[in-house]
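Quick note on labels: first sequence line is chain A, next is B, and so on, each numbered from 1.
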Number of protein chains: 2
Amino acid sequence: MEEQHIASAFDRDLERVQAQIMKMGGLVEEAIRLSAKSLETRDEPLAEQVRAGDRAIDLLEEQINEQAARVIALRAPTAVDLRVILSVIKISANLERIGDYAKNMAKRTSVLATMPPVNDSAGAIRRMARLCEEMLKDALDAYIRRDAELAAEVIARDEDLDQMYNALFREFLTFMLEDPRNITACMHLHFIAKNVERMGDHCTSMAEQVVYLVTGNTPDEARPKADQTSLNTKV
Amino acid sequence: MEEQHIASAFDRDLERVQAQIMKMGGLVEEAIRLSAKSLETRDEPLAEQVRAGDRAIDLLEEQINEQAARVIALRAPTAVDLRVILSVIKISANLERIGDYAKNMAKRTSVLATMPPVNDSAGAIRRMARLCEEMLKDALDAYIRRDAELAAEVIARDEDLDQMYNALFREFLTFMLEDPRNITACMHLHFIAKNVERMGDHCTSMAEQVVYLVTGNTPDEARPKADQTSLNTKV
């Protein structure tokens, strides 16, 4: 009877801190979206809004860490319960880094607004950012619903993001060769693309957390995207 | 007087759990090295040894999590102390993933040993793995010594690893085009190279932890490696 009582207290605590995770996740998703938008529309006030909004994201992470530490101190969770509360800490750390990258993207937007646009690069980055935003949303959904299948699917999408980054990088090279006046802008755009790629890595880390939580096993090794060639045929 | 006493108890606890981190780090470094060696020398017993050794790495992570949770429960750390003990949890999670990737590399070694070698790909992967092993060693040193400069330098090296991965990927394409009988082996080698690249990402995450611990600030945005062209000249 008493064990039941203790479990309920832990479950309530967990619900509260998971609600904070989802709140933090929502702020970070918005930061990614607005940051990419401000880049494409060359909207400096919007970029400034993203930069200012990072403070709230950092504060939430601190809060979540303190809440989680209190839960550990008060409920002394073990085994699965301990793993769950530790996952809260790790996921909020990933969210905080993603938020940072969004803020840094916004910083570069202001610089880029002083230069002529380079082809449709800002649009390409916005498409990358949208894919990343979807990965984040799905990773968080997978976490709240303990959905290992959705989490595995997010992990697979990281390869798409990496390929978009590689393609953008090659595009930048051609723009720079075409016209040296593009070089400075392309350098900034390359930084931004690299940031989005790293955001995707953190979404992948979050999804890996979910798979581990649900199955007790770490996800399969990192799988590169399947090639067009028939890879399974032993010729 | 009493506050001093509590701080010392926390410091002792911290030392103990950090010693476990360094022990875990040593096992993981060895796993990377032996895994790459077994691939290059086609040494199946050695690959089996790596696979079996992963259990000890996983057990250490569980131990470290429990120790860290006990420290939180007993000492109720706040502010900087809390951040430090949480970093222990995050770093051990990164180490565990790296160990997993090394184990998965070893699994594929056995499969590859049944196929003719592909050019010097195993050697190229061994070079990638060595760079990764050095990143890991330096990330751990940076952590123990709270050396933010060394940590920043590890973060910068991740770009080299990514470029080695890209170059290998392009090589595999040429080998597969050259001779379709290479396709299956190249697929496995590609998986392995992707694993090493992901290991590097986790080393980077560890180094980012160190920068945050030391400076209180998250590291600068992700910086792509400087191009050969003069990027800073606004033409």
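Of the two parts of A:Asp179, neither the backbone nor the side chain holds a non-hydrogen atom closer than 4.5 Å to a non-hydrogen atom of chain B. With a 4.5 Å cut-off on non-hydrogen atoms, A:Leu86 touches chain B through its side chain but not through its backbone. Looking at A:Leu82, the atoms closer than 4.5 Å to chain B (heavy atoms on both sides) all sit in the side chain, from C-beta outward.
Atom NZ in A:Lys90 sits 10.5 Å away from atom NZ in B:Lys90 (nearest 0.5 Å). B:Asn94 CG to A:Ser205 OG: the interatomic distance, rounded to the nearest 0.5 Å, is 7.0 Å. Atom CD of B:Glu96 sits about 6.5 Å away from atom OH of A:Tyr212, to the nearest 0.5 Å. Within the model, atoms CD1 of A:Ile89 and CD1 of B:Ile72 stand 5.5 Å from one another, a figure rounded to the nearest 0.5 Å. Interatomic distance, CD of A:Glu197 versus CG of B:Asp201, reported as 7.0 Å (0.5 Å rounding). Rounding to the nearest 0.5 Å gives a distance of 7.5 Å between CG of B:Asp162 and OH of A:Tyr165.
Ion pairing between A:Asp158 and B:Lys194 fails under the 4.0 Å rule for side-chain N and carboxylate O.
Scored by the salt bridge (Lys or Arg N to Asp or Glu O under 4.0 Å) test, A:Arg157 finds A:Asp138, A:Glu153 as partners (sequence neighbours excluded).
Annotation: residues 61-71 of chain A contacts chain B through A:Glu61, A:Asn65, A:Glu66, A:Ala69 [non-hydrogen atoms, separation under 4.5 Å].
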